[in-house]
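Notes to accompany the following structure.
Quick caveat, the model's predicted, so the values are computed rather than measured. By convention in this document, chain letters (A, B, ...) are assigned in the order of the sequence lines, proteins followed by strands, and residues within each chain are numbered from 1.
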Amino acid sequence: MISCHDAVRQLWEYLDGTVDQADRALVEEHLSRCRRCCGEMEFAQELRRLLAGPVPADIPAEVQRRLNQTLEEMDR
Amino acid sequence: MDLLDVRPGKTVEDSRTDQRESFRDLASSQLPRLYSIARRLVGDDAEDAVQDCLLKGFQRYDQLKSAESGPAWLTTILVNSCHDVGRACARRPQAIDFDDVERFSLYRKIAYEDPFPYSDSLHLDFLGEFGPEDVHAVLMRLPPLYRIPLVLVHMEGFLAKELARRLDVPLGTVLARLHRGRKLFEKELWEYAEETGLLKEGTS
Ligand SMILES: [Zn+2]
């Protein structure tokens, strides 16, 4: 079985689906036997959710106006 | 669809005017989306990045193969503009000790510091203290080189492979930057929480 260190190091890549089949199986085997790493896994999933969360990013009217002006003035 | 379509009875000048018009239509329909992506990628420099993207897109409009791929094509230009804007205003070159970053584990740090002594889910409680504005502020503390791939993969749903192609860098480089970006994000979450007193509020 791989060490906790090796399992944790690959958790994000594992969640991304960018580890190869063989490593994937090793991570899964580790997770099936190690509660501590399951905790880390749950935490990594929450972190990803936090990262993907909403950003207040509506375009301000003033910015929209300036950018539209750029478009209007192109090549004149 | 042929964008520079010179039909009989139509002068080259007419076609150029058409081209200009169709670029304007595409760009103005995409403005809110482009701005929202740029906000996530470069924060307050979003407007500059979108300006740059519009100018470059206009210059290279003849490279666009089909109208359907217009939005994706503009996104690629925007991502590169964000890289340029990010480079131009890189505040004082931050020397990051990546060995130190690599060793840092937010999970272990939280367990060790135990900011919520009465909680039996302290890791999730810690993350629960962060609102969208906080997450945005933490991301802005990362150098653009690491922040941009992180945002594109986690917020915009890009695949690392796709990113490598669009940024024209090897896949291994993108994966390495993503890895470092995540570790930095973990470290900055902790430091931000300490500096802003986020955790004190949580325990009171
Ligand atoms: Zn383990």
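Counting heavy-atom pairs closer than 4.5 Å to chain A, the top-ranked of the candidates B/V50, B/V153, B/L189 is B/V50. Ranked by heavy-atom pairs under 4.5 Å with chain A, the list B/H123, B/M155, B/E47 is led by B/E47.
Rounding to the nearest 0.5 angstrom, the gap separating the CZ atom in B/R39 from the CD1 atom in A/I59 is 11.0 Å. For the atom pair OH (B/Y107) and CZ (A/R36), the distance works out to 6.5 Å, reported to the nearest 0.5 Å. For the atom pair B/L124 CG and A/R49 CZ, the distance stands at 9.5 Å (nearest 0.5 Å). Atoms CD and OG, on A/Q64 and B/S28 in that order, are 8.5 Å from each other to the nearest 0.5 Å.
Taking 4.5 Å as the limit, some side-chain heavy atom of B/R182 sits within range of a side-chain heavy atom of A/D16. Looking at heavy atoms from C-beta onward, B/L54 lies in side-chain contact with A/M74 at the 4.5 angstrom threshold. Within the 4.5 Å cutoff, the side chain of A/L47 has heavy atoms near those of the B/F185 side chain. In this structure, B/H154 and A/W12 have side chains that are in contact, with non-hydrogen atoms separated by less than 4.5 Å. Between B/F23 and A/L71, the closest side-chain pair of non-hydrogen atoms falls below 4.5 Å. Within the 4.5 Å cutoff, side-chain heavy atoms of A/L51 are placed close to those of B/L139.
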Chi angles and distances behind the side chain to side chain contact (heavy atoms under 4.5 Å, CB included) call for A/F43, B/I110: CA-CA 11 Å; A/F43 183 62; B/I110 295 169; 3.8 Å; yes

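More than 12 heavy atoms of other residues, nucleotides or ligands sit less than 6.0 Å from atom CD of A/E62. At most 12 non-hydrogen atoms from other residues, nucleotides or ligands lie less than 6.0 angstrom from CG of B/D44. Other residues, nucleotides and ligands place no more than 12 heavy atoms under 6.0 Å from the CG atom of B/D168. The number of heavy-atom neighbours closer than 6.0 Å to OH of B/Y118, taken from other residues, nucleotides and ligands shown, is 12 or below. Atom CD of A/E42 has 12 or fewer neighbouring heavy atoms from other residues, nucleotides or ligands inside a 6.0 Å radius.
Nearest heavy-atom pair, B/Y35 versus A/D58, reported as atom, atom and distance to 0.1 Å: CE2-O, 4.0 Å.
Proximity to chain A is absent for every atom of B/E156, based on heavy atoms less than 4.5 angstrom apart. When heavy atoms are compared at a cutoff of 4.5 Å, A/R66 approaches chain B by way of both its backbone and its side chain.
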